[in-house]
Structures are given as structure tokens and as C-alpha cells.
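Everything below concerns the one structure shown next.
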2 protein chains.
Amino acid sequence: MSQTVDRALSILPLLAEGPADLGQVADRLGVHKSTALRLLRTLHEHGLVYRQSDQRYRLGARLFALAQEAMENLDIREIAHPHLTRLNESCGHTVHLAVYEEGEVLYIDKVESRYPVRMYSRIGKPVAITVAAVAKLLLADLPEAERRAVAEKLEYPLYTARSTPNAPAFLKELATVREQGWATDLGGHEESINCVAAPVRGADGRVVAAMSVSAPNVVVTADELLTLLPLVRRTADAISGEYSGRTPVTTPATTPDRDSV
Amino acid sequence: MSQTVDRALSILPLLAEGPADLGQVADRLGVHKSTALRLLRTLHEHGLVYRQSDQRYRLGARLFALAQEAMENLDIREIAHPHLTRLNESCGHTVHLAVYEEGEVLYIDKVESRYPVRMYSRIGKPVAITVAAVAKLLLADLPEAERRAVAEKLEYPLYTARSTPNAPAFLKELATVREQGWATDLGGHEESINCVAAPVRGADGRVVAAMSVSAPNVVVTADELLTLLPLVRRTADAISGEYSGRTPVTTPATTPDRDSV
DNA sequence: ATGAGCATTGCAACATACGCAACGTACTTG
DNA sequence: CAAGTACGTTGCGTATGTTGCAATGCTCAT
């Protein structure tokens, strides 16, 4: 809606692909070099863009700080965290918390497995949306129309033989998930990794987040992991209760352990 | 330099403090609501801003994706990573990699300790710049003038009794670090945690990054940690060699293990 | 029902962001 | 060593995009 700002912001994804010099930026924006220079300078002043020693531009450090602060301000994360660590303590596996936002699903918290094997996932990293158990829960709760729209627009990469192959299959899976109130990912993202997930709901019953427990086959089989389902659901429900204000902060030990030492 | 973009970008740090509605944004920017609305809409279209259910605005998911991509494009990180994991394998402690950028020092990679105790630090998180060993190395290498300017502008929070108290003390410490070519943080950030750090240098000898090994007192004493110094320096030098092209990718096993599974 | 508080729209006046062309500064090439 | 190329940078007149206003919708509480 604002041409100037629009152009300036278009520079960011462009630089995300890799460093670029003034000419390249101007070309890709379709504007004169002097215009691109002015925009880059403004971005630079705000720290969103950094000028490296060879004069080329790349994304700046302030982006990290912003992303970080954005995350810390999510109250669902704050409420959920102690529950997640407690769940991790009792089962030992990797625990994730994720939210949906305009077509994307992203992890907003993670407690690492206490087994030596680690999963590749990082807070802030967009989730493999077509296969992840948490993504299924979050998308399953969208209004019919939006759900269809999102499902159609997605790509369906075949990470493994068990990955969701296309939109119809995905929508069918979402219907099941919606029905049963929990979800799994059995080797759909990485052959040897399984997940069980449950939804966190707000006061109005809408799904505001989803949490999952993930473990590789080498540690527990899919069947064994599924036995954790009740525990996962109970944890998710506890978070829901607290988030929606029904449970007025139960345990006295809810405050301390934010951020593992 | 561009008023419109400048205003739009000023919204981001503002929202980083927490969600705000249109009126608040307009007020803090000192512009009319209609103006603020147009800017917010543009930010929204680019995914940098999200409109939550109560109509208030907060920072959006795209920020994470951008920060993520920005990080993956840092070639120093790519080169260093296998060395960091190898170092972690041989000593077991937490290993960090950090860079300096316009007044800030930030972690760009981290390999977790193999001991049960974890440190609170996160990739992308700004470093405690006045005390961290890596920060000392990075700042010590700045040109005299810039170093002084930065040191003067910093705040010196007293995390512990051993924290750097003020600018003169900091500059003195930087001089020492510059001299000896390595740095430590002995309980300056958290009472019980010590670090040893060494610089990574580019072809021209300038410090481009710094790496450190950190461990809590309960695992090893400061003296014991210091015995790792030669190993840390050797690792840093190996990275330097590879980064500056002197060592044309030594080990055949340099390619695989990006991102632990 | 009535009003307050908020987001939203259309529009005319003006400020500002635009592209141009000229200059400066490396770095190459004959 | 001089001419040439390829950048980034600057100043400036003009047109275009942005601004603030005032009026309209919308939602919620009284």
C-alpha cells in the first residue's frame, strides 16, 4: 500500500538469498540505482541490512534481535515452557511447541532430548508443514475455507515414502486429526523419526498452539511412543487450562525455570 | 534517509516491546492514524507484522524466516561448524561461535555441552558484550577510534562481582586481550561459568569471528578449563586457515555433518 | 437505543521520493 | 602509464506518492 516501504521491504527477502551489490538490488527492484541506495541506507540505519567489507549488502544483526524479542513476548510460550520441561523430564524425548501464523507453522519453543540423539530443528525455523504432527493440528482447526486455500497452495515434498503426497490426502488427514483431537507423524519427515502431538486451546476452544514429543526409532518404536499420547494430551490440556485462565496458575513452581541454565 | 521507510521501520522495535494498537503506533511515531495504518498494512503484506485476534499488531513470522536465512548464508559459520563439533567431541563442553557487527556481538553457532548442565544462550541472541570472552576478542581488534567509541557507549551491568565495571577497565582488558591473542571470562557473566576464547582471522589478519569453550565450575575448575586453551587456539587457527583459503579444505570429512541430526 | 472508541476510506495539498545526469573513485586493460 | 570500465555517490527539478483531515463504518458497553 505504500510504494516506498514496499520496495524497501522487498529488498530483505532478496538479500536473504545471499549478499548483493547496489546494482543487483536496483535491477531486481526495477528502480534506479540512486533510489535503491536511499532505501538500502535507510534499512542500514535501522540495522536490518549490513554492509560487508566488499561493499555488498546482506541482512543485518538487528533482525535477530527483533525475532528474538518477538518470541519472548509470546505469552503462550511463557505459560507452556514449564510444562514442556516437566514433560521432557518424565519421558526424556524432544518436546516442541508450535504456532500457526498466516500460512506458516513455526516452532516457538523446544526442549532437547536427554538422549544423545538430537533432532534437527531450531526455534523460529518454519516447520515441514505438510507432515509435522503439530502442523496437522494447527491447520485442522482453521475454518474450512482457509484450510482448503492453504492446503491447495502448499507444496508437498516427498521427504520419505510416508510423506503426505498431495492436497487431497492432506485434507483427509486433517479431517481425521480434527476428529480425534491429536496427531502423529510416523516417519513422514525423516524416515526414522516419529512424533505424537496434542493441541493447546484458548478459552473459546480454538487451537492456539500445538505441542509434540518426538523420538527416533533407535530409542523407542512408534508403538512405544504412542503410549505417551495420554501424557502428551494431559500436558497440552494443562497448558490450555492455564492459558485460558481456567486454572489460575496451579503449581507454585511455575515461575522459576524459564530458560534452562 | 527516506522518511516513509524510516517511519515504517521504526514500528518494528516499537512492536518488539509488545503488541500495540493503531492509535498507540500512530502516537509513538508522531503521525496521523491513517498514515500509521498504511505503513502497518505494508509491513503486514510482507509478513513482518502480524495482526492478532484482538486487532492489535505484533511482530510477524517472516522475521524468523529472514533471520534464519541470514544466518545460513554466513560462510564463516559453514566453514567453522565441523571444527566446532570436533572440538565439542574432544572436550565435551559448550562451544560458541560469535561475530561482531556494528556495535553488537552475536552468537552465530553453538554446539551444546555433552554434560547435563546447559548454558542459557541462543543462536542470534546478543552476547553480554562487556564480559564475554568472544566479545573481548572481537572488540579488541577494532580500530582504536571505533573501539573507544563503542566502549564509551556501552552499559556495564554488574552481572557478578567480577563483571567489567566500566569503560576504562574494559579498554584495559581489551588491550591485554589484543596483546595475548586470546581471552577468558572467569565468572564475569554468571558466577559459576568460565570461558576460554580464541580469534578466527581472515586472510588480512583481521579478526572475523571468535570462538569459545564454556563450562560451569561444577564440571571443571577455571584452571582445568584453561588447559584447553592450546586446543581452542589450534581449532580457531584451523578455521582461520580454511576461511582465508590457505588450507584448501583439509579433511575429506568437512562436507557432511552440517546441522546435527 | 445511544454514544464512545476504535479502525477505515476518499480526497486535495503538499512534501518527498523519484530518475536523470554528472562526478568520484577504484581497478583493468592496451 | 594512460585510457577505459565499472562501480558507488551526489545534487537537483519534477512528478508522484504520501500526508493529514474530515467523514464513515464498525463493535461494544451503557
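So that the names make sense, note that chain A is the first sequence line, chain B the second, and so on, each numbered from 1. Reckoned from all heavy atoms, side chains included, excluding hydrogens, waters and symmetry mates. Computed from a predicted structure; not experimentally measured.
- Within a heavy-atom distance below 4.0 Å of DNA chain D, the residues of residues 7-22 of chain A found are D21(A), L22(A).
- A donor-acceptor contact shorter than 3.5 Å links the side chain of T164(A) to the backbone of T130(A).
- Rounded to 10 degrees, the angle separating the terminal axes of the helix from dA1(C)-dT30(D) to dA22(C)-dT9(D) is 40°, with each axis obtained from five end pairs.
- The shortest heavy-atom contact between V208(A) and G202(A) is CG1-N, 3.9 Å.
- Screening residues 126-142 of chain A for salt bridge (Lys or Arg N to Asp or Glu O under 4.0 Å), with sequence neighbours left out, gives K136(A)-E173(A), D141(A)-R206(A).
- Residue whose closest nucleotide on DNA chain D sits further toward the 5' end, between Q3(A) and Q55(A): Q55(A).
- For the contact set between residues 26-49 of chain A and DNA chain D, defined by any heavy atom under 4.0 Å, the members are K33(A), S34(A), L37(A), R41(A).
- The environment of CD in Q52(A) is crowded: more than 12 heavy-atom neighbours from other residues, nucleotides or ligands sit within 6.0 Å.
- Legend: residues meeting salt bridge (Lys or Arg N to Asp or Glu O under 4.0 Å) with E179(A), ordered by chain and number and at least two apart, are absent.
- First and last contacts of DNA chain C with chain B, using any nucleotide atom under 4.0 Å from a protein heavy atom and ordered 5' to 3', fall at dA7(C) to dA17(C).
- Y100(A) pairs by the ring-ring contact (aromatic ring centres under 6.0 Å, His included) definition with nothing, not counting sequence neighbours.
- With respect to R148(A) and E144(A), a salt bridge is recorded, a charged nitrogen being found less than 4.0 Å from a carboxylate O.
- Checked by atom type and distance alone, the side chain of S212(B) never pairs as donor or acceptor with a backbone atom of A133(B) at under 3.5 Å.
- Pairs engaging residues 53-63 of chain B under the salt bridge (Lys or Arg N to Asp or Glu O under 4.0 Å) rule: E101(A)-R58(B), E104(A)-R62(B), D54(B)-R56(B) [sequence neighbours left out].
- For S240(B) (side chain) and R201(B) (main-chain N/O), a donor-acceptor pair under 3.5 Å exists by modelled atom type.
- The salt bridge (Lys or Arg N to Asp or Glu O under 4.0 Å) contacts involving residues 29-38 of chain A comprise nothing, where partners must be two or more places apart or lie in separate chains.
- Each ring pair (Phe, Tyr, Trp, His ring centres under 6.0 Å) pair with one or both residues in residues 5-35 of chain B, not counting sequence neighbours, would appear here, but there are none.
- More than 12 heavy atoms of other residues, nucleotides or ligands shown are found within 6.0 angstrom of CD on Q180(A).
- Across all strands shown, R56(A) has no heavy atoms under 4.0 Å from either base or sugar-phosphate atoms.
- Sorted by first and then second residue, the pairs that involve residues 9-29 of chain B and meet salt bridge (Lys or Arg N to Asp or Glu O under 4.0 Å), not counting sequence neighbours, are E17(B)-R28(B).
- Across all non-hydrogen atoms, the minimal contact from A198(A) to A236(A) is CB-CB, 3.7 Å.
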Strictly under 3.5 Å: I want the nitrogen or oxygen pairs between protein and nucleotides 25-30 of chain D, one per line.
none

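- Taking only side-chain nitrogens and oxygens, S2(A) comes nearer than 4.0 Å to OP1 or OP2 of dT18(D).
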